[in-house]
Amino acid sequence: MPLKNGISREQETLLLVDDNPTNLQVLYQTLEGRGYKLLLAKNGEDALNIARKIQPALVLLDIMMPGMDGYAVCRQIKNEPALADTVVIFLSALDDVADKVKGFAVGAVDYVAKPFQAEEVIARVETHIKIRRLEQTLAQKNRQLEEDNAIILESMGEGLLGVDRQGRITFVNPAGEKITGWSEADMVGKDFHELLMHTDPQQQRYPRDNNPVLQTLVDQQVRHSDRDIFWSRDGQALPVEYTVTAINGTVDISSACVVFKDISERKAREQALNQALSTVKELKEKLQAENVYLQEEIRNEQDYGEIIGQSAALKKTLEEARQVAMTDTTVLINGESGTGKESMARAIHQFSPRKDRPLIKVNCGAIPESLVESELFGHVKGAFTSAVSDRTGHFELADKGTIFLDEIGELSLDVQVKLLRVLQEQEIQRVGSGEVIKVDVRIIAATNRDLKQMVDEGQFRMDLYYRLNVFPLTVPPLRERKSDIPLLMEKFLSRLSRKLGKPLKGVSDVSMELLMDYDWPGNIRELQNVIERSAILARSEIIDIDDALVPVNCSQVVMAQDDDSDTARPRFKTLAENEKDYIISVLEKLNWVIGGKKGAAEVLDIPSSTLRSRMKKLGIERPE
């Protein structure tokens, strides 16, 4: 039947296996009408019986089933020769890495977590069906290649020539004349090396002492090769397969016989086959990489991932985000740490025409300087010491989709130049490769730094700044949208109630006043951490917030004396000063432990490497 893109295909049979009738029905409805023949099984034993009779192309297999579980079913399918090429995708609520490793070990090619989304199931099924068809096509072409080679050998015959002790050609058969283009009269008496093998496949002069034919004249060893070339009369390099054998005379070796054939067509087919196999490998690697990002996106939905709030400041930013989302315009999201810039980027992607393609997230500040270029643009094998294989970069993974470059201000000037080229030309080059790869990527960048000031200080390229700053958005800090705190708190408590398994209905009036009075330098992330810690310690449905978690705001203001006046005036600390004070206060409470389960990095919800970098930048050192 025809696909949506107009390509015709034969109807493939899919076997759906789940002991839950509701799940089976949902799967059936999800895949119904998409050109597949759908079969159902409620347990592992029935699934094996059906598979042996029908031999389905793909099995969507639940893991946790009574009797024979999904692992056992998959293992049995892969052990039976008639079913060994059946594609198996596991469906399970198990999300542990060990469970996934076990699934892949028994032969599964993919894993869909429950509860699943219909679009994800459809996309994975269609991708693996496509890969299966490509592999079948390649296998058929390989068989055809072998058959064609046999026909060519039978129809063309093999060339045959003799070489005497001095390396001169003594005879050649008609097939040899046809292959080389030389007549027997032109070849007999000529030096074999100088006529046919003077130059190697790399266009370098072939040393006479390394010529296998002449070596056989000396040591009588039979030699066979399909890696050399003969040069034809018209100056063309002919890939040949040949065998050279010494012919013994009465006293010494008198000559050698060379049997050869033109393998140009075979080499061309092998090259085409290798190219096709390389394409399949790249497709698999890209699919695996996209799967990693998709699973990470599902697992790492932050508690503030959904943008929540009714404040005027937030509504204004959201309205601007909706308007720009339908375009391909580059967006620069400005905002303090913890305000939800990533959530805003995700919202723009979801409202855009690219929503069905990946949103690839890159934290530019968390990637070591030496690896930034490789992470963004990819690399080829051998590009540097640890490059043991080709790697697809984030920009290639984001092709036809969106890439989110967080902490864009942390990129070095060298990488900024290459990023500018992507914005201007929509093309990249992998590290170690001269090949130009076209990409179609929508770029969303974010920063908590003043890029304009960095431009003035020479730390950020002006041309890149203006390329990124086409449509700036500013996510308001929580202190400017305090009316949203009750809504955010309600959402956090709802999720924490399910996560911790205890009822949580709200916070006390006194605690709410604390929350509303505090200016939240850490923004939504800090609020989330305070609520979660308080929820863990809560002994009733109403939470009391510890005063120590929400310091009074008077500590954020100091009094400074004007040199020219007797009146005192308030001087507010800068954002960097507040950030430094807050980090120090957290470190002091945790005995200056940075990493680990109870370290400051976990409390601040940032990688320990990022925290160390911020401490170094802010001049924070542990007191002696």
(request) Output every pair passing ring-ring contact (aromatic ring centres under 6.0 Å, His included) with a member in residues 422-473, not counting sequence neighbours, ordered by first then second residue. (result) none
(message) Just to verify, what does D200 make a salt bridge (Lys or Arg N to Asp or Glu O under 4.0 Å) with, not counting sequence neighbours?
(response) none
(message) For Q271, I'd like to know if atom CD has over 12 heavy atoms of other residues, nucleotides or ligands within 6.0 Å.
(response) no
(request) With sequence neighbours excluded, tell me which residues meet side chain to side chain contact (heavy atoms under 4.5 Å, CB included) with A601. (result) S608, L611
(request) Could you check I444, V470, T330, T329 and say which one makes a side chain to side chain contact (heavy atoms under 4.5 Å, CB included) with V324? (result) T329
(request) Considering only NZ, NE, NH1 and NH2 on the basic side and carboxylate oxygens on the acidic side, decide whether E319 and K315 come within less than 4.0 Å. (result) no
(request) Could I get the full list of ring pair (Phe, Tyr, Trp, His ring centres under 6.0 Å) partners for F395, not counting sequence neighbours? (result) F377
(request) Can you sort out the partners of R481 under salt bridge (Lys or Arg N to Asp or Glu O under 4.0 Å), two or more places apart, ordered by chain and number? (result) D484
(request) Under the ring pair (Phe, Tyr, Trp, His ring centres under 6.0 Å) rule, collect the residues that match up with H379, sequence neighbours excluded. (result) F384
(message) Around atom CD of E621, are there more than 12 heavy atoms from other residues, nucleotides or ligands closer than 6.0 Å?
(response) no
(message) Is it the case that atom CZ in R533 sees more than 12 heavy atoms from other parts of the structure closer than 6.0 Å?
(response) no
(request) Taking atom NZ of K130 as the centre, report whether more than 12 heavy atoms of other residues, nucleotides or ligands fall under 6.0 Å from it. (result) no
